Amino acid sequence: MAKDKLISRSEDFNEWYNSLVLKADMADYGPVRGTMIVKPYGWTLWEHIQQALDSRFKATGVQNAGFPMFIPMSFLQKEAKHVEGFAPELAVVTHGGGQELAEPIVVRPTSETLIGHAYSNWVQSYRDLPILINLWNSVVRWEMRTKIFLRTSEFYWQEGHTAHATAEEAEARTRQMLDVYTDFAVNEAAVPVIPGEKSELERFAGADRTYTIEAMMQDGKALQSGTSHNLGQNFARAFDIEYLADDNTLKHCWTTSWGVSTRFVGAIIMTHGDDLGLVLPPRLAPYQTVIVPIYRKDKEREVVLTAVSTLKQTLTAAGIRVHVDNRDHLTPGFKFNDWELRGVPTRIEIGPRDVANNSVALARRDIPGREGKQFVSQDGLAQTVQQLLDEIQANLLARATKFRDDNTYEVTNYDEFQTAVQTGFAKVWWAGSNEDEQRVKEETKATIRCFPLDQPGGSGTCFYTGKSADRVAIFGRSY
RNA sequence: CGGGGCGUAGCUCAGCUUGGUAGAGCGCUCGGUUUGGGUCCGAGAGGUCGUCGGUUCGAAUCCGGCCGCCCCGACCA
């Protein structure tokens with residue numbers, strides 16, 4: 001509800017994001033450094049993300065469960081790479097009930113170790129497999145530099161954990177969940193993503209293979225928007241998750257884990273937002289349409305509000321999420337700007353003239369201002385709005401995809417590469433070592449975002465080492 | 001943890017140089033006016049000036065310690 005204007009994206013993208021999150025009522029800062037308060041408007045968006053993911057998980061046989069937020073310190077230490085990866089960012093509880101604890105307790109940074117502990121008890125036989133569990137919770141990682149939704153000390157997410165009898169099955173599940181994430185991102189959030197595999201350097205601590213969906217924000221930087229890990233037998237060995245196979249031999253399980261977090265809210269903001277504020281994808285938006293009544297006299301007010309009430313019922317019955325802005329002390333003009341700031345996909349304006357004409361003014365957020373406004377009949381309004389919502393959803397995806405593609409450069413030498421990663425992604429043949437990758441990172445701040453699953457095939461010349469390469473990588477600066 | 005900036009009303013900030021006990025705009029409350037792209041007028045409420053100490057007759061203002069926040073770098077979904 002701020003009257004002062006939002007800074008433009010081109011002027012200061014970072015500031016644009018920070019102030020938009022606050023002004024649009026998505027979230028606020030928490031009292032402890034690096035924490036966030038997610039406000040109802042932001043949380044509703046998150047709930048819609050949750051619903052879209054949760055139904056997809058369940059369709060693949062996954063069930064939800066609840067696990068503790070406290071982990072014995074010793075658990076973390078059982079998997080060497082896992083500790084190494086997480087040790088610097090752990091929040092540790094040393095006191096409880098006024099007494100110093102014998103063993104410090106860690107606040108979960110992720111639950112692989114707890115899951116490992118539980119699964120080792122749950123699994124006896126191949127008949128107990130697979131185990132397909134998902135947790136909706138929050139986790140804590142003591143981050144040095146934080147930013148609301150993108151990187152906070154505590155964040156909300158889902159973490160899926162599965163255990164399988166064979167390596168092939170675990171790999172298939174890892175890839176299946178990556179597909180679920182891709183489908184969700186593209187079809188629900190209208191966020192185009194590149195599914196791919198992480199390099200060894202960027203891999204999750206304790207995983208054999210890490211897959212990711214990478215999105216490009218409007219400043220050209222990459223945002224890792226979801227990950228799926230094939231944990232191999234690393235955690236199964238560390239936690240003795242063993243099963244008796246049908247040939248009566250004892251074997252270690254193969255496990256996976258996969259997650260999408262509230263960071264995705266940030267992805268939506270930075271993918272679709274414009275200089276007027278948020279632009280929310282219709283399928284996830286808290287409100288899909290907002291009705292702004294317009295009137296002068298009390299007589300008009302009564303007539304208009306009666307019509308509004310009827311329209312609301314009609315739209316709601318058609319399954320459209322409607323909000324009526326009945327704030328009496330604000331002018332319509334103010335409300336137009338306010339709802340544009342908050343990114344509501346469509347807006348219905350109705351005044352005495354419309355009531356008389358059996359019409360409404362229908363505005364679309366992806367084309368802001370008067371240009372996106374049309375007068376339509378009240379007859380069949382639900383279908384009209386639904387069609388417009390579908391059109392906006394498709395337009396947002398097309399627009400974001402074009403932006404991503406326009407800012408992705410296929411380059412063949414280091415000079416071009418350095419220019420490319422200033423403003424977007426570099427798509428390159430890569431045959432470098434870990435050391436080469438590290439050096440590129442130090443020299444350009446760009447990292448391998450992923451090796452896309454969709455590879456051109458054949459071979460090419462590595463832009464950095466000049467060696468023959470058999471796969472392409474996407475490089476970019478990242479959040 | 002290194003570099004830079006900053007803490008004064010809910011928000012954005014002025015006042016500090018040259019000490020005399022706090023202001024503006026926005027927001028909020030009430031009344032009226034207005035309402036098809038951020039109405040206008042009037043009356044109000046609201047601040048131990050981040051914190052602790054020092055100098056002084058007197059500190060938002062000068063000096064020192066501490067705490068916190070933001071931005072930039074090293075870690076990460």
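In this text, all values refer to a predicted model and were calculated from it rather than measured experimentally. A, B, ... follow the sequence lines: proteins, then strands. Residue 1 opens every chain.
Nucleotide B/G42: paired with B/C30 (Watson-Crick or G-U wobble, both distances less than 3.5 Å). Across all strands shown, B/G2 forms a Watson-Crick or G-U wobble pair with B/C72, both key distances being under 3.5 Å.
Of the side-chain N and O atoms in A/R145, one or more sit less than 4.0 angstrom from OP1 or OP2 of B/G73.
Between the OH atom of A/Y479 and the P atom of B/A77 there is a distance of 17 Å, rounded to whole Å. Between the P atom of B/U33 and the NZ atom of A/K297 lies a distance of 10 Å, rounded to the nearest Å.
Heavy atoms of A/K445 sit under 4.0 angstrom from primed sugar atoms or phosphate atoms, though from no base atom. Heavy atoms of A/L150 sit under 4.0 angstrom from at least one base atom. If you check every strand for non-hydrogen atoms under 4.0 Å, A/N14 touches sugar and phosphate atoms only. Among the atoms of the strands shown, base atoms are found under 4.0 Å from some heavy atom of A/F375. Contact annotation for A/E15: no contact, since no heavy-atom pair falls under 4.0 Å across all strands. Contact annotation for A/T152: base contact, defined as any heavy-atom pair under 4.0 Å involving a base atom.
Relative ring orientation between A/Y287 and A/Y41 is described as tilted, the plane-to-plane angle lying within the 30° to 60° band.
Taking the centre of each ring, A/H117 and A/F75 come in below the 6.0 Å mark. Residues A/H161 and A/W258 place their aromatic rings such that the two centres sit no closer than 6.0 Å.
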Pair A/R365-A/D274, salt bridge (Lys or Arg N to Asp or Glu O under 4.0 Å): steps then yes or no: CA-CA 10 Å; A/R365 180 60 182 86; A/D274 65 18; 2.7 Å; yes

Trace of the salt bridge (Lys or Arg N to Asp or Glu O under 4.0 Å) decision for A/R347 with A/E349: CA-CA 6 Å; A/R347 184 179 66 244; A/E349 306 165 13; 2.9 Å; yes

Sugar-phosphate or base contact per nucleotide [nucleotides 1-8 of chain B; S, B, -; heavy atom under 4.0 Å]: --------

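Contact check on A/K58 versus A/D54 returns a salt bridge, with a Lys/Arg side-chain nitrogen under 4.0 Å from an Asp/Glu carboxylate oxygen.
Applying the side-chain hydrogen bond (donor to acceptor under 3.5 Å, both in side chains) test to residues at least two apart or on different chains, the pairs with a partner in residues 72-89 of chain A are A/S74-A/E103.
Scanning residues 173-203 of chain A for heavy-atom distances under 4.0 Å to RNA chain B yields an empty list.
Taking the P atom of each, B/C52 and B/C6 are spaced 23 Å apart, rounded to whole Å.
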